[in-house]
Student: 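To start, I am sharing the structure in question, which I have written as structure tokens.
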Amino acid sequence: MQMSYAIRCAFYQLLLAALMLVAMLQLLYLSLLSGLHGQEEQEQYFEFFPPSPRSVDQVKSQLRTALASGGVLDASGDYRVYRGLLKTTMDPNDVILATHASVDNLLHLSGLLERWEGPLSVSVFAATKEEAQMATVLAYALSSHCPEMRARVSMHLVCPSRYEAAVPDPREPGEFALLRSCQEVFDKLARVAQPGINYALGTNISYPNNLLRNLAREEANYALVIDVDMVPSEGLWRSLREMLDQSNHWDGMALVVPAFEIRRARRMPMNKNELVQLYQVGEVRPFYYGLCTPCHAPTNYSRWVNLPEESLLRPAYVVPWRDPWEPFYVAGGKVPTFDERFRQYGFNRISQACELHVAGFNFEVLNEGFLVHKGFKEALKFHPQKEAENQRNKILYRQFKQELKTKYPNSPHRC
């Protein structure tokens, strides 16, 4: 009897010791977790303990919550903004690809997801009540059937202030309710959409491009803001991450990604070698070559295509900013926002590049990465109302440059 009692006591003592050991290990784990500092340690942690992917139900719940909020009005009161229809968890030091689109142009997301391996943020503009409904149905369908959308994409919605978006009924439109895969969703969108120029909406509503750009890059540190019908070179996200991780002295630098346009978009060049071959035979040319050559000429394309081939991405040469250069770039830190008074067409990106220059940012062109726009951009004939807005933006740009003198009184730079 005494032996049995002694054995039970020993057993309970051993069990208590085991429980105390587990508790100590948990405390040690929490201590180590809270002490993780720096990019390298965070990456090692997530390599061994990756975050759980968000479920379809979680994403749909986020969509319903965002729509049920009723949105908020922008500073002008002309637009209603719904943040976070879709949301993704992101490393604060990551590089986000930020873009914007009308509902019809959302079909370009498929190509961006293939080329850009990192987080992506898209702001969608719905000019009519019907388009707002379509946008919510698309968000619902994409979140249901596209794991990459759930894992990597944030989506925001903007519509005229007089409209409110509603939580989609899965049965409406009925055609989307029958879809069963991500590819089917994009195929269906391609059949019903009428893709074109974002700002050529055929309505009396101005396309708020700068509001959309700011919304897309709102929570990002480093961001590459592009048009939705552009495609980055293969591996650009990973190369940017590796380059940025090598130093913490990138603040105040705008890392320019050279932009091109291709005559036929059947096969987009993946690397610089393929791009240069197409450039040499005239199938690829500098971006905006037929519309506004000075808008991208400072990139110095002839110098860029003749740089020696390298395996690592790096800044290759510095370019002083001059009006009206409007490069696509990666920058972090206190980057000036896009001025949301500019809408529709004209001076919306030039104005922001101008402010970067006045704020003291240096422009450095990257050696290997690039962007390609699908199709050559040609001169357009605008509806008289759109042409009037372009002229309004031209006048606003002159005013904007004067305002920068007051905003940056000690800056040696002017536009």
Side-chain angles (χ1 to χ4, degrees), residues 74-76 78-79 81 95-100 121 123 158 198-199 206-227 230 249-259 287-288 291-292 294-300 315 318-366 371 389-415:
D74 78 318
S76 72
D78 294 336
Y79 301 97
V81 176
V95 185
I96 192 168
L97 187 70
T99 190
H100 57 97
S121 178
S123 298
V158 175
N198 282 324
Y199 49 80
S206 297
Y207 185 81
N209 33 36
N210 278 358
L211 168 62
L212 297 168
R213 290 182 176 114
N214 287 336
L215 189 60
R217 67 151 297 153
E218 197 169 55
E219 297 182 359
N221 182 10
Y222 292 102
L224 172 58
V225 183
I226 69 170
D227 296 338
M230 304 183 90
H249 301 299
W250 301 107
D251 285 357
M253 294 178 62
L255 303 166
V256 176
V257 183
F287 188 64
Y288 257 38
L291 283 180
C292 180
C295 291
H296 286 267
T299 303
N300 198 341
V318 178
V319 177
W321 186 86
R322 66 176 186 266
D323 206 357
W325 192 27
E326 51 175 22
F328 297 93
Y329 63 88
V330 176
K334 297 180 179 179
V335 180
T337 58
F338 292 86
D339 192 305
E340 296 176 8
R341 293 173 297 176
F342 291 93
R343 303 175 185 174
Q344 205 64 22
Y345 177 80
F347 304 94
N348 48 81
R349 286 195 303 109
I350 296 174
S351 56
Q352 201 255 0
C354 164
E355 183 167 359
L356 280 175
H357 169 63
V358 176
F361 278 72
N362 294 317
F363 293 83
E364 302 197 23
V365 181
L366 295 174
L371 299 167
E389 290 209 39
N390 185 37
Q391 291 302 313
R392 184 191 72 87
N393 283 349
K394 186 175 183 179
I395 296 170
L396 177 58
Y397 183 48
R398 296 195 196 104
Q399 174 187 330
F400 176 81
K401 290 191 285 187
Q402 292 300 315
E403 292 170 353
L404 291 181
K405 295 179 181 179
T406 303
K407 188 174 182 179
Y408 301 94
N410 298 321
S411 174
H413 305 295
R414 293 288 179 259
C415 294

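Nothing fancy with the numbering, it's 1 onward along the sequence.
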Student: Assess whether atom CD of Glu364 is packed by more than 12 heavy atoms of other residues, nucleotides or ligands within 6.0 Å.
Tutor: yes
Student: Flag the pair Ile96 / Leu224 as yes when at least one side-chain heavy-atom distance between them is below 4.5 Å, and no otherwise.
Tutor: no
Student: Mind listing the closest non-hydrogen atom pair of Gly333 and Asn221 along with its distance?
Tutor: N-OD1, 3.1 Å
Student: Which residues satisfy the salt bridge (charged side-chain N to carboxylate O under 4.0 Å, His left out) test with Asp251, sequence neighbours excluded?
Tutor: none
Student: Please enumerate all residues that pass side-chain contact (heavy atoms from CB on, under 4.5 Å) together with Ala297, with sequence neighbours excluded.
Tutor: none
Student: Mind checking what makes salt bridge (charged side-chain N to carboxylate O under 4.0 Å, His left out) contact with Glu218, not counting sequence neighbours?
Tutor: Arg83
Student: Identify the two heavy atoms, one from Val256 and one from Pro327, that lie closest to each other, and give their separation to 0.1 Å.
Tutor: CG1-CB, 3.8 Å
Student: When the ring planes of Phe342 and Phe400 are compared, do they come out parallel, tilted or perpendicular, using 30° and 60° as the limits?
Tutor: perpendicular
Student: Looking at CZ of Phe347 and CD of Gln391, how far apart are the two atoms once the value is rounded to the nearest 0.5 Å?
Tutor: 8.0 Å
Student: What I want to check is whether the side chains of His413 and Tyr408 have a donor and an acceptor closer together than 3.5 Å.
Tutor: no
Student: Is it the case that the side chains of Asp323 and Tyr397 hold a donor-acceptor pair, with the cut-off being a distance below 3.5 Å and no angle test?
Tutor: yes
Student: If you round to the nearest 0.5 Å, how far is OG of Ser351 from CG of Leu356?
Tutor: 10.0 Å
Student: So, does Glu389 use its side chain to make a donor-acceptor pair with the main chain of Gln344 at under 3.5 Å?
Tutor: no
Student: Quick one: does Ile395's side chain get under 4.5 Å of Arg392's, heavy atoms only?
Tutor: no
Student: Asn362: what forms a side chain to side chain donor-acceptor pair (under 3.5 Å) with it, not counting sequence neighbours?
Tutor: none
Student: Kindly give the heavy-atom pair with the smallest separation between Thr299 and Pro258, and that separation in Å.
Tutor: CG2-CB, 4.1 Å
Student: So which atom in Ala254 and which in Ala331 form the shortest heavy-atom distance, rounded to 0.1 Å?
Tutor: CA-CB, 4.3 Å
Student: Side chains of Leu212 and Val158: does their closest heavy-atom pair fall under 4.5 Å?
Tutor: yes
Student: Would you please name every residue forming a side-chain contact (heavy atoms from CB on, under 4.5 Å) with Arg414, sequence neighbours left out?
Tutor: Val358, Lys405, Ser411
Student: State the CD-SG distance between Gln402 and Cys415, to the nearest 0.5 angstrom.
Tutor: 10.0 Å
Student: If a pair satisfies salt bridge (Lys or Arg N to Asp or Glu O under 4.0 Å) and one of its residues is in residues 351-362, list it, with sequence neighbours excluded.
Tutor: Glu355-Lys407
Student: Are the side chains of Met253 and Phe363 in contact, using a 4.5 Å heavy-atom criterion?
Tutor: no
Student: The criterion is side chain to side chain donor-acceptor pair (under 3.5 Å); which residues satisfy it with Gln352, sequence neighbours excluded?
Tutor: Tyr329
Student: So, for Ala216 and Ser121, which heavy atoms are closest and what is the spacing to 0.1 Å?
Tutor: O-OG, 2.8 Å
Student: Within the structure provided, determine whether Val319 and Trp325 are in side-chain contact (heavy-atom separation under 4.5 Å).
Tutor: yes
Student: Specify whether Phe328 and His296 have parallel, tilted or perpendicular ring planes, treating 30° as the upper limit for parallel and 60° as the lower limit for perpendicular.
Tutor: parallel
Student: Residues two or more places apart in sequence or in another chain: which of them pass salt bridge (charged side-chain N to carboxylate O under 4.0 Å, His left out) with Arg213?
Tutor: Asp227
Student: Are Leu215 and Val81 side-chain neighbours, meaning at least one heavy-atom pair lies under 4.5 Å?
Tutor: yes
Student: Out of curiosity, Asn348 CG to Leu211 CG, how far, rounded to the nearest 0.5 Å?
Tutor: 12.0 Å
Student: Name all residues meeting the side chain to side chain donor-acceptor pair (under 3.5 Å) criterion together with Trp321; count only those two or more places apart in sequence or in a different chain, and write none if there are none.
Tutor: none
Student: Who passes salt bridge (charged side-chain N to carboxylate O under 4.0 Å, His left out) against Lys394, sequence neighbours left out?
Tutor: none
Student: Using 0.5 Å steps for rounding, measure from the OG1 atom of Thr99 to the CZ atom of Arg217.
Tutor: 13.5 Å
Student: What distance separates Cys295 SG from Phe287 CZ, expressed to the nearest 0.5 Å?
Tutor: 9.5 Å
Student: Which residue pairs pass the salt bridge (Lys or Arg N to Asp or Glu O under 4.0 Å) test with at least one member in residues 336-352, sequence neighbours excluded?
Tutor: Asp78-Arg343, Glu326-Arg349, Asp339-Arg341, Arg341-Glu403
Student: Between Tyr345 and Leu291, what is the shortest heavy-atom contact and its length?
Tutor: OH-CD1, 4.5 Å
Student: Can you list everything that forms a ring-ring contact (aromatic ring centres under 6.0 Å, His included) with Tyr222? Sequence neighbours excluded, please.
Tutor: none
